[in-house]
2 protein chains.
Amino acid sequence: MKKTRTTPSDLSATIAKNIRDAIVSGALIVDERLPSEADLSEQFNVSRPTVREALKRLAAQSLIRTQRGATGGAFVNHISFQDAYPQQITTSTLLLSMNDVSFETACEARFALERACAPLSAQRRSADHLATMRTEIFRQSQPGLSDEAWCASDVSFHRALVDGAANPVLSYQLAGAIEAIEPLMNMITFTARSRAEIIALHTEIADGLEDQAPDKVDGALIALETYTRQLAKDVFSRQKSAKTTT
Amino acid sequence: MKKTRTTPSDLSATIAKNIRDAIVSGALIVDERLPSEADLSEQFNVSRPTVREALKRLAAQSLIRTQRGATGGAFVNHISFQDAYPQQITTSTLLLSMNDVSFETACEARFALERACAPLSAQRRSADHLATMRTEIFRQSQPGLSDEAWCASDVSFHRALVDGAANPVLSYQLAGAIEAIEPLMNMITFTARSRAEIIALHTEIADGLEDQAPDKVDGALIALETYTRQLAKDVFSRQKSAKTTT
DNA sequence: AAAGAACAATTGTAAGACAAATGAAAAAAA
DNA sequence: TTTTTTTCATTTGTCTTACAATTGTTCTTT
């Protein structure tokens, strides 16, 4: 071994970490302008392309934004919950698809989190949230609704429930769980019969929230979870038997 | 306007999105090798530095890893929950610090999520989880414990609770919530008196889990939330009065 | 004084070069 | 023949230089 090699021979990663730490620790505050790429390359003793690679890493995490022109540069980004949603969803989706998470596990997590929101939502939900849920229930009852549209409506319904809790931290956390699991849900809610059952439970949930009756909502969510898991079990066993007969 | 300008004049972002979509959609599978940077720059008709900026964006999201050498290149990464934790925590931390999330809101979310895990944990917690919790409680009872060590121990305790639910999706979601809120918690748990109270509640939680008594755990968590919020209120009002007298 | 033109600063992109790593193939030695 | 060494080709990591595009500022002209 020639050198101690504390650096992982990846300057752009090192520089990115350096700047990221400065942002997280508060040394760089929101909307503050970073030194220009030329200045940074001098400070860190690297070339401009290397600095740029580091900045792109940070941009990928929405930590900075860049602007061209005379007064341009890289600025510390204000990360809103809105901005963080897509990243959260992308990561959650990949985590589920790459780690052999069973439907059971994903479903359990999703409903556990959603049930955590329900009491708060029953307490605070606005007329808007209730209206959204009623609208989505109506949409779901339309016979011609495509599977994709059904799923989108289902997501909207449950997001309204979660948003009703009026806690952005919860909404953010739940967004990943609900949206990432939706593709898995797609497979099991395509028959008219299951739709009718789910609509009935959705109605019970909306009623419970309107009446500010957390127990009623909780019961409906438990029923919905049970029903969903039963449907999934049926679908999977049917797939298996179809495979053996072929 | 000269052009339609669908491209935001940010080639590396466009290329990154292109490849990211291929990964998320499953067109590129785990451990598959991407074309070399030279090939990619030909395919996308851009220079190699631009391709590299795109790849660094993906690397920042842990979507790919790169390797030098003859058989090297960029490979689609297998994202484990373990890998995703730090990103989740970084993002959550910044979201809290940048969005004026009140302590009340953060605290409410954290305990709502944790209480969602508690029944599952009471059902499935292993001896290991219980042992970890007992160990941390013991550590917390040591008089000389620094504030930092106390907080770290507190995090370990609650993570053991959450991990006891044996649901990686829940553990992942909670990691962000618990760890990101910890800095806020730091401010309020520094007196011996509050430590003693918290240790008592921790013990109640551990007992409840050991006895597989979810209601007992839930009660203790509610008490802990109430106590924490009361402490926070006291600290803030004291800060305010200190400010006015100065 | 107002409008327009030139200017300067900064990021975005390109091209070419060399260094470093690394596996594979070829050559040499046992 | 088998093992070790050497060479080599491929690929990423980094640097240098250059130019294009954008945009606020300053100067000039009307």
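Letters A, B, ... mirror the listed sequences (proteins, then strands); counts begin at 1.
Note on A:Asn45: only backbone sugar-phosphate atoms sit closer than 4.0 angstrom, heavy atoms only; bases stay farther off.
Side-chain contact, B:Ser62 with B:Gln87: a donor N or O sits under 3.5 Å from an acceptor N or O. There is a side-chain donor-acceptor pair under 3.5 Å between B:His129 and B:Ser126.
None of B:Val51, B:Leu63, B:Leu58, B:Val24 except one satisfies the side-chain contact (heavy atoms from CB on, under 4.5 Å) rule with B:Ile19; the exception is B:Leu58. Exactly one residue among B:Glu148, B:Gln142, B:His158, B:Glu136 makes a side-chain hydrogen bond (donor to acceptor under 3.5 Å, both in side chains) with B:Ser153. That residue is B:Glu136. Of the residues listed (A:Gln61, A:Arg57, A:Lys56), the one engaging B:Arg57 in a side-chain contact (heavy atoms from CB on, under 4.5 Å) is A:Lys56, and it is the only one.
Atom CD of A:Glu53 is separated from atom P of D:dG13 by 8 Å (rounded to the nearest Å). Note: CG (B:Asp10) to C1' (D:dT22) measures 13 Å, nearest angstrom. Across the protein-nucleic acid pair, A:Lys56 atom NZ and C:dT13 atom P stand 7 Å apart, rounded to whole Å. Per the geometry, CZ belonging to B:Phe75 stands 11 Å off C1' belonging to D:dT12, to the nearest Å. We find that CZ of B:Arg52 is positioned 17 Å from P of C:dG12, with the value rounded to whole Å. The nearest whole Å value for the distance from the CG atom in A:Leu11 to the C1' atom in C:dA21 is 15 Å. Rounded to whole Å, atom P of C:dT11 lies 8 Å from atom CG of A:Leu55. Rounded to whole Å, atom P of D:dC19 lies 19 Å from atom CD of A:Glu37.
Side-chain atoms of B:Arg125 never come within 3.5 Å of backbone atoms of B:Ala118 as a donor-acceptor pair (strictly under, hydrogens ignored).
Taking side-chain N and O atoms only, A:Thr50 has no distance below 4.0 Å to OP1 or OP2 of D:dG13. For A:Ser47 and D:dC15, the shortest distance from a side-chain N or O to OP1 or OP2 is below 4.0 Å.
Remark: the A:Arg48 side chain and the C:dG12 base include a donor-acceptor N/O pair separated by less than 3.5 Å.
The neighbour count for A:Glu42 CD, taken as heavy atoms of other residues, nucleotides or ligands under 6.0 Å away, does not exceed 12.
A heavy-atom distance below 4.0 Å to DNA chain C is reached by these residues of residues 60-69 of chain A, ordered by number: A:Thr66, A:Gln67, A:Arg68, A:Gly69.
Two residues, B:Thr71 and A:Leu34, neighbour DNA chain C, and the one matched to the more 5' nucleotide by heavy-atom proximity is A:Leu34. Taking for each of B:Pro49 and B:Arg33 the nucleotide of DNA chain D with the nearest heavy atom, the 5'-most of the two is the partner of B:Arg33.
Of the candidates D:dC15, C:dA14, D:dG24, the closest approach to any side-chain atom of A:Val46 belongs to D:dC15.
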